[in-house]
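Below is one structure, written out as structure tokens, with a few remarks after it.
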There are 2 protein chains.
Amino acid sequence: MGYRENPRPGGRSARVQAAVHQSVRDMLATMDRADVTIPLIAQRANVTPSTIYRRWGDLQALLADVAASHLRPEGEPASIGSAREDLAAWVEQYADEMASGLGRQMLRDVLAAADSANAEKCGTYMRCQLSVFIARAEACGEPFPTLTELMDHVISPIIYRILFDQAPDSDYVRGLVTKVMPESTART
Amino acid sequence: MGYRENPRPGGRSARVQAAVHQSVRDMLATMDRADVTIPLIAQRANVTPSTIYRRWGDLQALLADVAASHLRPEGEPASIGSAREDLAAWVEQYADEMASGLGRQMLRDVLAAADSANAEKCGTYMRCQLSVFIARAEACGEPFPTLTELMDHVISPIIYRILFDQAPDSDYVRGLVTKVMPESTART
DNA sequence: TCCACTAACGCAAATTATTTGCTTTTATAC
DNA sequence: GTATAAAAGCAAATAATTTGCGTTAGTGGA
């Protein structure tokens, strides 16, 4: 009677989910958000509206689901130089992506849903990614901030500005990373 | 043909706005958010649904408007002791309020709206309030963080946690304030 | 004071979205 | 294979949203 969180891959349920997600992504990329409705999404995905209503509940929940799955990291962040440099590059790209129109909308969709599960998922994704840098630094004996320091003093200010203020620029983001580094490993 | 942002006080338009806002606040306080609909709000406010649709557009916009107006500071923060102590007390209360179910919902409502105007308003309110503490400290010659430091290292982490993680507790909030103070004015 | 003007409201019909009961399909386990 | 149950389809019923048009109530000028 209930819908499973993660449908078995290859099954009908998984195909429907993929089709609906794809349909949503296409529509968000090409049309005005106000025109994205469940009946339209259903039509594009070759699915009945009631299927979507029963599975996701409402448009906000569906958009939050799509946004969260897009926000899930696809792989390990690149390892080019020191952990500090890798982190700086990764954070800068992340900030750019989130500050863009689409990124901003994804953040909003994730937050707008009645259920906070998707928002918490995003927080978890973020901590996982940052942990990779911390582990690398530790492996090299490179001094590095803690996870809490990174979340509080780098990620939080970036997200806050995107949500409540103007998008942060690159200089600002680099400054945050520099300031959080221990023992003034600073450069630039 | 357009609706004015700030209706003249005492006019019919202002009365309708007040009635609708009141109706929304009552409903949010007493019933499940999923049951709060525009037709219901209209009925309680003795107004036609079409009036609300024409004026606000949709439910999200109306909720964002109500939330933002509730988030507007009502007066200067209390001045009991040093600027540092006043700030700590004020921030702690702010964090508590935002972390509560209703506070959290207000943040979400403000962010969920298609128009980011209300979210930016909230950012502005916050900077105004913090500026008061900064001005007081300066008047007393008390060393104090800058506005940017307060926004980035105190407010942002609190809001981020509320939105994407678990609600921050008092100890954590006090720690943020302590850490941002210059020259280790720290105590407890 | 009265009149013209217009923003904002009310009403109701038309449209569109959402819910729901019931049936059918399709993976999965036996 | 067959039984089972989750999930999809279909269609009728309900609820929300949009819209055209007439009415009301503040505003400003004679």
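This is a predicted model, so every value here is computed, not measured. Reminder, nothing fancy here: chain letters follow the sequence lines and each chain counts from 1.
Both B/Asp58 and B/Arg15 sit near DNA chain D, but only B/Asp58 has its closest nucleotide nearer the 5' end.
A/Ser82 meets the side-chain contact (heavy atoms from CB on, under 4.5 Å) test with A/Arg84, A/Glu85, A/Glu142; sequence neighbours excluded. Taking the ring pair (Phe, Tyr, Trp, His ring centres under 6.0 Å) definition, one finds that A/Phe133 meets it with A/Trp90, sequence neighbours left out. By the side-chain contact (heavy atoms from CB on, under 4.5 Å) test, B/Asp58 pairs with B/Gln60, B/Ala61, sequence neighbours left out. Remark: B/Thr148 engages A/Arg161, B/Thr146, B/Asp152 in a side-chain contact (heavy atoms from CB on, under 4.5 Å) (not counting sequence neighbours). Under the side chain to side chain donor-acceptor pair (under 3.5 Å) criterion, A/Asp65 pairs with A/His21, A/Trp56, sequence neighbours left out. Taking B/His153 as the reference, A/His153 meet the ring pair (Phe, Tyr, Trp, His ring centres under 6.0 Å) condition, with sequence neighbours excluded. For A/Ala119, the side-chain contact (heavy atoms from CB on, under 4.5 Å) partners two or more places apart in sequence, or in a different chain, are A/Val110, A/Leu111, B/Phe164.
If you take CD1 of A/Ile52 and P of C/dT19, they are 13 Å apart, rounded to a whole angstrom. Counting to the nearest Å, the P atom of D/dT18 and the CG atom of B/Leu59 are 12 Å from each other.
Atom CD of A/Gln22 sits in a crowded spot, with more than 12 heavy atoms from other residues, nucleotides or ligands closer than 6.0 Å.
Within residues 21-45 of chain B, no residue is approached by DNA chain C to less than 4.0 Å at the level of any non-hydrogen atom.
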Output one line per pair: protein atom, nucleotide atom from nucleotides 8-11 of chain D, and distance, for all N/O pairs under 3.5 Å.
from   : atom 1 : to      : atom 2 : distance (Å)
D/dA8  : OP1    : A/Arg55 : NH1    : 2.7
D/dA8  : OP2    : A/Tyr3  : OH     : 3.3
D/dA8  : O4'    : A/Arg12 : NH1    : 3.3
D/dG9  : OP2    : A/Thr48 : N      : 3.2
D/dG9  : OP2    : A/Thr48 : OG1    : 3.4
D/dG9  : OP2    : A/Thr51 : OG1    : 2.5
D/dG9  : O5'    : A/Thr48 : OG1    : 3.3
D/dG9  : O6     : A/Arg54 : NH2    : 2.9
D/dC10 : N4     : A/Ser50 : OG     : 3.1

